[in-house]
Student: 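Questions regarding the structure given below will be posed in turn.
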Amino acid sequence: DGGITQSPKYLFRKEGQNVTLSCEQNLNHDAMYWYRQDPGQGLRLIYYSQIVNDFQKGDIAEGYSVSREKKESFPLTVTSAQKNPTAFYLCASSKTSGVTGELFFGEGSRLTVL
Amino acid sequence: DAKTTQPNSMESNEEEPVHLPCNHSTISGTDYIHWYRQLPSQGPEYVIHGLTSNVNNRMASLAIAEDRKSSTLILHRATLRDAAVYYCILRDRESSYGKLTFGQGTILTVHP
């Protein structure tokens, strides 16, 4: 079945360590996104990519990095510069980046910094 | 960005209709109204969207006020699986990317 796969589902990290979250889609979508969700809050956009080898900062990009070397993959690295990395991270994709394009979300990765 | 206002929570009984309101008094002529819902510990799921006319799909109906300053998501017969957080979101047609600005949404509780 087509969809978005995020891994790992749960991740624990010590302070000062970088960690990379995986996001893979087999929907042949051009656009991909990373969102962060804190408890009881809505989603905030970290990074987005409209096409391979191109990506843009969202509202809260500081302390994060991404790459888009393949159409189906958009990994997110949470660096040690991110001051409060404990959160629920959601990856999404859409066929186009247009305003009516439905976003499909993965099941999320929950990161806890110890 | 234009903002939306939703009630923090609503309750319904199973098999009854649910009307989830959303106010967006500063909506611009190029804003589309989107609804997503999020079940516990899952990613959001698209529900429906519209611009000016009322819209129906297999999941729900969207009723848009004539002045577009408010809208209502209608679940015709609520089931226990409809218990989720419902987000009303405005997407600007002028935006070149799929930025969705999520507020806190409405927590819908469905009683058996």
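The basis for the numbers below is simple: all heavy atoms, side chains too, and nothing from hydrogens, waters or symmetry mates. So that the names make sense, note that chain A is the first sequence line, chain B the second, and so on, each numbered from 1.
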Student: The criterion is side chain to side chain donor-acceptor pair (under 3.5 Å); which residues satisfy it with B:Glu14, sequence neighbours excluded?
Tutor: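 If we apply the side chain to side chain donor-acceptor pair (under 3.5 Å) test to B:Glu14, skipping adjacent residues, there are no hits.
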Student: Taking heavy atoms only and a threshold strictly under 4.5 Å, list by residue number the residues of residues 60-70 of chain A that touch chain B; give 'none' if the list is empty.
Tutor: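 Heavy-atom contacts from residues 60-70 of chain A to chain B are absent.
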Student: Quick check: B:Tyr87 with B:Phe102 (ring centres under 6.0 Å apart)?
Tutor: yes
Student: Among B:Ser41, B:Pro44, B:Gly43, single out the residue with the greatest number of heavy-atom pairs under 4.5 Å to chain A.
Tutor: B:Pro44
Student: Using the six-membered ring wherever Trp is involved, compare the ring planes of B:His49 and B:Tyr32 and label them parallel, tilted or perpendicular (cut-offs 30° and 60°).
Tutor: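 Correct class here is tilted.
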Student: By a 4.5 Å heavy-atom criterion (distance strictly below it), what part of A:Gln6 contacts chain B: side chain, backbone, both, or neither?
Tutor: neither
Student: Under 4.5 Å heavy-atom distance to chain B, tell me which part of A:Leu90 shows up: side chain, backbone, both or neither.
Tutor: side chain
Student: How are the rings of A:Tyr35 and A:Phe105 set to each other: parallel, tilted or perpendicular (split at 30° and 60°)?
Tutor: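 A:Tyr35 and A:Phe105: tilted rings.
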Student: So what's closer than 4.5 Å to chain B heavy atoms on A:Glu107: side chain, backbone, both or neither?
Tutor: backbone
Student: Using 0.5 Å steps for rounding, measure from the CD atom of A:Glu24 to the OG atom of A:Ser73.
Tutor: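 So the gap between those two atoms works out to 4.0 Å.
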Student: Can you say whether A:Arg110 sits under 4.5 Å from chain B via the side chain, the backbone, both, or neither, judging by heavy atoms?
Tutor: side chain
Student: Are the charged groups of B:Asp31 and B:Arg68 less than 4.0 angstrom apart, N to O?
Tutor: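 Result for this pair is no, no salt bridge flagged.
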Student: Working to the nearest 0.5 Å, report the span between SG of B:Cys88 and CG of B:Leu62.
Tutor: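 With rounding to 0.5 Å, SG (B:Cys88) is 8.0 Å from CG (B:Leu62).
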